[in-house]
Number of protein chains: 2
Amino acid sequence: MKLPATAPKPLRRDARRNYEALVTAGKAVFAGSGVDAPFEDVAREAGVGQGTLYRHFPTRDHLLVAILQERVDFLDAKARELLDAPDAWEALSEWLRLFDQSATEYGGMSARLGNSLTVDGSPVATLCGPMKTSFANLFERAKHETPLRPDITPIPLLAMISGLPKEPQTGKTLEPCLEVVLSGLPSGPDGREGSTRT
Amino acid sequence: MKLPATAPKPLRRDARRNYEALVTAGKAVFAGSGVDAPFEDVAREAGVGQGTLYRHFPTRDHLLVAILQERVDFLDAKARELLDAPDAWEALSEWLRLFDQSATEYGGMSARLGNSLTVDGSPVATLCGPMKTSFANLFERAKHETPLRPDITPIPLLAMISGLPKEPQTGKTLEPCLEVVLSGLPSGPDGREGSTRT
DNA sequence: ACCTGAACACCGTTCAAGT
DNA sequence: ACCTGAACACCGTTCAAGT
């Protein structure tokens with residue numbers, strides 16, 4: 001079930017070499033200049049023509065899928081694994097922390113991932129489909145054990161975490177913000193359940 | 001202290017007319033197509049040449065300042081006013097709700113505003129300076145009355161709210177997400193203060 | 001002084017010619 | 001089949017010529 005991160009279709013030897021060079025170059029360029037770096041830079045870094053880049057990855061999103069593949073697969077597996085963890089709430093927050101850390105290697109990736117989670121149809125959205133389902137299960141189990149705010153649902157929660165502010169230097173999420181979200185999830189057993197409207 | 005939303009410098013009659021047409025056009029275009037709409041559209045909508053647009057607003061950020069001016073002034077005044085409100089926590093959450101609603105008329109404005117809050121030097125950052133100070137006061141007062149998580153600070157909190165996910169249709173923030181943040185702010189008096197690390 | 005719109009530059013995307 | 005790189009298109013920015 002866990003495929004290596006290579007091209008999906010059988011490819012001529014040189015084409016496969018280019019495909020892999022492009023994914024590697026994409027990781028390098030996006031890590032260095034963020035996910036909005038000039039697409040041409042990726043081709044140059046990989047040492048191929050622009051046409052070759054577009055042949056393999058018709059849109060930026062397609063390249064991002066190849067780059068995120070492994071990590072998303074990992075998160076999906078982890079979510080299913082944590083369904084058996086003794087403490088459902090702990091399992092949920094552990095997974096959310098992993099999720100948060102997953103997109104922070106590339107500047108701007110997190111925000112982009114957040115969008116893809118809420119909109120359907122894009123290649124990244126398709127990639128994340130199984131992971132979203134697995135996470136929803138983990139979320140529901142936690143909700144059953146620890147009462148969570150009734151109005152919050154799994155996907156907006158992930159989008160919310162994706163949009164948390166980052167340290168300019170490291171690109172990592174500001175820890176306290178993530179903590180605020182986590183501690184805001186349970187419906188307050190002490191009566192403080194998020195001030196009323198008006 | 002409250003100036004009308006006109007050009008900062010004395011201007012020739014036609015120049016002033018153009019300035020105001022550009023701000024109006026900017027609001028219309030950004031409301032319709034989001035704050036990343038082609039800059040040229042703004043000039044066309046205002047019925048002026050591109051050079052005129054760039055003369056008045058050397059960067060997109062400068063135009064956004066003119067557009068946000070009134071609203072930011074309002075938020076600043078409101079923050080100072082709420083310092084006298086009887087319930088400091090209520091005052092804080094009321095202001096945060098207003099803040100959240102302020103950038104949702106223009107697609108993408110909220111995210112952009114969030115960035116400007118954390119980075120210094122940009123025109124929008126300068127615009128927001130006084131408001132940030134006024135809000136910090138409101139925040140500190142609330143913290144004194146209701147113990148808040150000790151690690152969360154005013155500016156990241158604003159950045160966090162700016163980055164909350166939006167309904168694709170209306171552009172408004174998903175209510176439940178804002179509620180999660182608000183209810184996550186107080187440091188849990190019941191011992192649940194956001195799970196520990198590791 | 002200020003305005004206009006053509007010119008320039010940059011980058012995303014396509015495609016004719018090559019292997 | 002796949003690759004290359006020049007060509008095209010789009011849009012942000014500048015600037016020479018006009019009022």
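Since this is a predicted model, take the numbers as computed values, not measurements. A note on names: the letters A, B, ... follow the listed sequences, proteins ahead of strands, and every chain is numbered from 1. Computation of the quantities below employed the complete heavy-atom set of this structure, encompassing side-chain atoms and omitting hydrogens, waters and symmetry-equivalent molecules.
- Residues A/Phe139 and A/Leu148 form a side-chain contact, since some pair of their non-hydrogen atoms from C-beta on lies under 4.5 Å apart.
- Between the CG atom of B/Leu53 and the C1' atom of D/dC15 there is a distance of 15 Å, rounded to whole Å.
- B/Tyr106 and B/Phe99 fall within the same hydrophobic cluster, where Ile, Leu, Val, Met, Phe, Trp and Tyr residues are linked whenever their side-chain heavy atoms come under 4.5 Å apart, directly or through other members.
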_Dot-bracket encoding per residue of DNA chain D, Watson-Crick/G-U cut-off under 3.5 Å, | denoting interstrand_ = ||.|||||...|||||.||
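- In this model, the phosphate group of C/dC2 is not approached by any side-chain N or O of B/Asn18 to a distance below 4.0 Å at OP1 or OP2.
- Here B/Arg55 reaches the OP1 or OP2 of C/dC2: one of its side-chain N or O atoms lies under 4.0 Å away.
- Following rounding to the nearest Å, B/Glu40 (CD) and D/dT13 (C1') show an atom-to-atom distance of 11 Å.
- Mapping A/Pro58 and B/Val48 onto DNA chain C via the closest heavy atom, the residue that lands nearer the 5' end is B/Val48.
- Closest to the A/Pro38 side chain, of the nucleotides C/dC11, D/dT13, C/dT13, is C/dC11.
- If you measure from atom CZ of A/Phe57 to atom P of D/dC2, you get 13 Å, rounded to the nearest angstrom.
- Shown here are the side chain to side chain donor-acceptor pair (under 3.5 Å) partners of B/Arg13, two or more places apart in sequence or in another chain: there are none.
- Counting distance only, with no hydrogens placed and no angle test, the side-chain atoms of A/Gln50 and the base atoms of C/dT14 include no donor-acceptor pair under 3.5 Å.
- Out of C/dC3, C/dT13, D/dG12, the shortest distance to the side chain of B/Thr52 is found at C/dC3.
- Under the 6.0 Å cut-off for aromatic ring centres, B/Phe57 and B/Tyr19 qualify, their centroids lying closer than that.
- Residues A/Pro147 and A/Pro186 have side chains not in contact (no heavy-atom distance under 4.5 Å, counting atoms from C-beta outward).
- Rounded to whole Å, atom C1' of D/dT4 lies 13 Å from atom CZ of A/Arg12.
- The nucleotide whose nearest atom lies closest to any side-chain atom of A/Asp14 is, among C/dG12, D/dC2, D/dG12, D/dC2.
- Counting any heavy atom pair closer than 4.0 Å across all strands shown, A/Phe39 reaches sugar-phosphate atoms only and no base atom.
- Distance, B/Arg44 CZ to C/dC3 P: 18 Å, rounded to whole Å.
- In this model, the phosphate group of D/dC3 is approached by a side-chain N or O of A/His56 to a distance below 4.0 Å at OP1 or OP2.
- For A/Tyr19 and D/dC3, the OH to C1' distance is 18 Å, given to the nearest whole Å.
- Side chains of B/Cys128 and B/Val124 form a contact here, defined as non-hydrogen atoms less than 4.5 Å apart.
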Donor-acceptor contacts under 3.5 Å from residues 35-43 of chain A side chains, at least two apart:
{"unit_1": "A/Asp36", "atom_1": "OD1", "unit_2": "A/Arg112", "atom_2": "NH2", "d": "3.1"}
{"unit_1": "A/Asp41", "atom_1": "OD1", "unit_2": "A/Arg44", "atom_2": "NH2", "d": "2.9"}

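- If you measure from atom CZ of B/Arg17 to atom P of C/dA1, you get 19 Å, rounded to the nearest angstrom.
- Atom-to-atom, CZ of A/Arg13 to P of C/dT19 comes out at 22 Å; the value is rounded to the nearest Å.
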